[in-house]
Amino acid sequence: MHEVLGIPEYLWRPIFAGLFSGIACSITGVFIVTMHLSFLGICIAHSAFTGALFSLWIGWNPLLGSILFSLIASAIVGPLADRGELSPDTSTGIVFSTMLGLAFLFLGLIPGSKASALSLFWGNILTVTRMDIYILSGITTFLLLLFTIFFKEIHAVLCHRQIAVYVGIPTALIFYLLLITTGLTIAVSLQTVGGLLIYSLLLNPSASAHQLTYRFKTMLILSILFGITSCWGGLALSYKYNLPTGATIILISSLIFILSAIFSPKRQVKGEKNV
Amino acid sequence: MSRETYQDNTINIQNVSAYYNNHPALDNITLSFRRGEFAVILGPNGSGKTTLLKILCGLCKFQKGSVKVLGQTPSSYNFLLRRKIAHVAQVESIDPKLPITVRESVATGRAGTSGLGRPLKKSDWKLVDTTIEWIGISHLADKPIGHLSGGERQKTSIARALVQQAPILLLDEPTASIDPNAQKDILDLLEHKMDLHSFTTLYVTHEISMIPNRCDRIVMLQNGKVWADGKPDELINEEKLKELYGGNGFCCSGKFSFHHTHH
Ligand SMILES: Nc1ncnc2c1ncn2[C@@H]1O[C@H](COP(=O)(O)OP(=O)(O)OP(=O)(O)O)[C@@H](O)[C@H]1O
Ligand SMILES: [Mg+2]
């Protein structure tokens with residue numbers, strides 16, 4: 001077996017894919033978790049999945065459909081939630097279920113074998129292409145730049161959305177920029193990590209970091225570290241014990257969350273209040 | 001900021017009515033405020049004070065009339081104009097787990113003014129730290145905002161509005177849950193800052209015994225209408241207040257700082 005730095009060559013692409021998805025998903029996750037938009041994240045992930053199925057049906061590249069559908073979902077859910085006539089959960093739920101319906105429809109319409117469609121569920125981090133890695137690294141760089149340049153605006157919008165409006169931050173612009181980037185990140189990661197894995201990569205690292213700190217910068221850094229740890233740890237476990245990669249990645253990220261929740265200082269605060 | 005023209009700094013409210021589900025919260029109000037004016041707005045609960053301030057900062061729609069703040073109508077406010085209106089809201093809900101400290105929260109007040117995509121400068125942080133000290137919350141600076149008491153949170157909001165150094169300052173019962181001594185300190189501070197920046201200040205309060213000496217105008221609202229508008233020494237007296245708030249006049253049995261300083 002050909003090895004580079006003691007690691008089999010075929011593992012290098014998954015390692016990079018894990019690195020980039022780990023970073024991108026956990027940064028997006030910080031946005032989602034701090035603003036309580038978990039359900040919205042799941043809804044967008046679902047839409048990306050539906051879009052990929054749509055592409056398979058009409059013979060496009062799945063990435064194209066994923067991007068299209070996740071952007072459509074963000075464009076519908078964002079303003080609906082903003083206008084406040086329906087509760088955000090309700091409007092997200094409606095879009096979510098519509099997308100689910102469409103997913104089943106496209107799944108039924110795809111001619112021939114459904115194998116490629118089903119592989120979207122679990123993704124195939126072991127067989128990512130060079131192109132996938134480029135795209136993933138692109139979106140990761142974009143996210144890192146976005147959070148570096150607009151750090152203070154993003155911090156304000158995430159923590160004090162209404163106040164951010166009063167003090168003259170273009171809040172809607174920042175919010176939609178984040179929402180669209182979320183859509184893109186999810187669509188791009190779907191190809192590599194799969195529909196089911198995305199939820200855990202989006203939510204677990206950032207939710208764990210959220211448990212552990214009141215510092216926004218620390219939360220971002222921890223979240224990224226947890227994301228990468230989950231991906232790389234999962235890869236290593238699956239390689240060593242011959243387990244399904246998606247499953248090991250998810251389980252490691254969940255384990256991190258459970259540990260964070262147990263050791264969370266915020267949990268103690270809540271306990272005090274409940275007494 | 002001091003270079004704004006006189007015209008730019010006025011608030012003009014012409015025949016404005018605002019309805020919530022056909023119930024008028026403001027009923028044909030006409031008011032205008034000069035630059036540098038410190039107006040205290042009084043009125044019983046539900047008289048429309050919050051609605052008035054919300055209209056001025058573009059958070060609430062109105063159905064009739066016209067409003068101009070710094071020459072612009074609220075529906076056309078952009079984020080650049082909002083930087084010139086600092087606002088302390090009556091109710092601010094805060095998620096107790098938010099990853100933001102008191103100091104960072106106060107610094108949000110500089111986040112607009114200092115420019116999009118630019119980190120805060122040393123001078124911004126210095127202003128944040130001095131203001132935090134003036135308001136008396138330095139010992140809380142590194143606490144997460146979700147861990148504050150109600151009054152501490154209000155102090156944080158006031159500090160945030162002050163560091164914004166906006167020409168217009170809208171304060172909606174900013175000291176409602178702050179203890180009397182700290183209230184006095186903060187009012188003194190407001191007056192002090194006022195001289196420095198010539199803010200136009202609209203100050204909503206129920207504390208008639210703590211009306212700042214610097215106040216040069218009282219606007220009394222009742223049932224969404226301007227019920228009285230004039231100098232404090234004309235309006236802050238037992239008779240008027242009894243009439244404004246109704247009831248048995250219990251509130252007016254106390255003394256008013258204004259009454260005292262002017263006699
Ligand atoms: N969101 C809303 N929906 C419906 N009615 C509202 C809403 N907000 C305020 N109102 C009504 O409008 C009127 C004016 O309310 P506003 O909040 O301006 O009063 P206020 O003078 O600030 O009172 P307070 O002293 O209690 O703060 C009240 O009758 C209130 O019930
Ligand atoms: Mg009010």
Side-chain angles (χ1 to χ4, degrees), chain A residues 30-31 33-37 84 145-175 177 206-207 209-223 260-261 264-274, chain B residues 53-54 56-59 77-89 91-121 124-125 142-147 156-157 160-161 163-166 168-170 172:
Chain A
V30 168
F31 160 60
V33 165
T34 312
M35 292 196 83
H36 300 290
L37 298 174
L145 281 177
L146 191 69
F147 270 73
T148 312
I149 296 174
F150 296 111
F151 181 80
K152 76 177 196 307
E153 284 83 6
I154 290 176
H155 191 192
V157 172
L158 260 50
C159 292
H160 290 326
R161 185 158 176 203
Q162 189 57 61
I163 292 164
V165 178
Y166 304 155
V167 301
I169 292 171
T171 309
L173 178 76
I174 301 276
F175 180 76
L177 205 57
S206 47
H210 191 63
Q211 293 297 320
L212 293 177
T213 180
Y214 287 102
R215 295 262 170 195
F216 187 59
K217 212 175 262 174
T218 317
M219 179 176 169
L220 273 168
I221 293 169
L222 278 180
S223 177
S260 314
S264 167
K266 301 191 181 182
R267 184 166 158 264
Q268 287 154 16
V269 169
K270 200 173 171 209
E272 277 166 24
K273 275 189 188 157
N274 287 345
Chain B
L53 294 206
K54 280 191 175 166
L56 294 180
C57 46
L59 294 175
Y77 283 178
N78 58 14
F79 67 95
L80 294 172
L81 188 93
R82 284 178 196 280
R83 289 176 183 169
K84 299 185 184 165
I85 306 175
H87 180 216
V88 175
V91 199
E92 273 169 12
S93 59
I94 295 268
D95 164 11
K97 291 192 173 187
L98 279 182
I100 188 165
T101 63
V102 169
R103 187 164 179 263
E104 289 167 336
S105 179
V106 172
T108 314
R110 297 299 303 159
T113 328
S114 65
L116 194 58
R118 299 213 189 105
L120 294 188
K121 290 193 278 296
D124 293 314
W125 284 112
D142 290 322
K143 255 197 164 189
I145 184 108
H147 288 189
T156 310
S157 302
R160 187 195 306 120
V163 298
Q164 201 176 329
Q165 298 194 319
I168 291 181
L169 194 50
L170 305 175
D172 199 348

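By convention in this document, chain letters (A, B, ...) are assigned in the order of the sequence lines, proteins followed by strands, and residues within each chain are numbered from 1. Just so we're clear, the structure is a prediction, and the values are computed from it rather than from any experiment.
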Residue selection (most heavy-atom pairs with chain A, distance under 4.5 Å) from [options]:
options	value
B:Gly112, B:Gly109, B:Pro99	B:Pro99
B:Leu59, B:Thr101, B:Ile145, B:Leu170	B:Leu59
B:Leu120, B:Leu98, B:Thr113, B:Leu81	B:Leu98
B:Ile85, B:Asp95, B:Ile94, B:Asn78	B:Asp95

(message) Using 0.5 Å steps for rounding, measure from the NZ atom of B:Lys97 to the SG atom of A:Cys159.
(response)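 Going from the NZ atom of B:Lys97 to the SG atom of A:Cys159 covers 14.0 Å.
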(request) Nearest 0.5 Å please: distance from the OG atom of B:Ser114 over to the CD atom of A:Glu153. (result)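 Those atoms lie 7.0 Å apart.
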(message) With a 4.5 angstrom heavy-atom cut-off, is it the side chain or the backbone of A:Leu158 that approaches chain B, or both, or neither?
(response) backbone
(request) Under 4.5 Å, counting heavy-atom pairs only, tell me which of A:Val165, A:Ile163, A:Thr213 racks up the most with chain B. (result)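 Winner by heavy-atom pair count: A:Ile163.
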(message) Under a 4.5 Å cutoff for heavy-atom pairs, which residue among A:Phe151, A:Phe216, A:Tyr166 has the most contacts with chain B?
(response) A:Tyr166
(message) Between A:Arg215 and B:Asp142, does any side-chain N to carboxylate O distance fall below 4.0 Å?
(response)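 Salt bridge between A:Arg215 and B:Asp142, a charged N being under 4.0 Å from a carboxylate O: yes.
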(message) Tell me if a side-chain donor or acceptor on B:Arg83 pairs with a main-chain N or O of A:Gly168 at a distance below 3.5 Å.
(response) yes
(request) Give the intermediate values and the outcome of side chain to side chain contact (heavy atoms under 4.5 Å, CB included) for residues A:Leu173 and B:Phe79. (result) CA-CA 10 Å; A:Leu173 178 76; B:Phe79 67 95; over 6 Å; no
(message) Does any backbone or side-chain atom of B:Ala86 lie under 4.5 Å from a heavy atom of chain A? Answer side chain, backbone, both or neither.
(response) neither
(request) Side chain from CB out, backbone as N, CA, C, O: work out which of these in B:Ser157 comes under 4.5 Å of a heavy atom of chain A, or both, or neither. (result) neither
Does any part of the side chain of [Y], heavy atoms only, come nearer than 4.5 Å to the side chain of [X], both counted from C-beta?
X	Y	result
A:Lys152	B:Glu104	no
B:Arg82	A:Val167	no
A:Tyr214	B:His147	yes

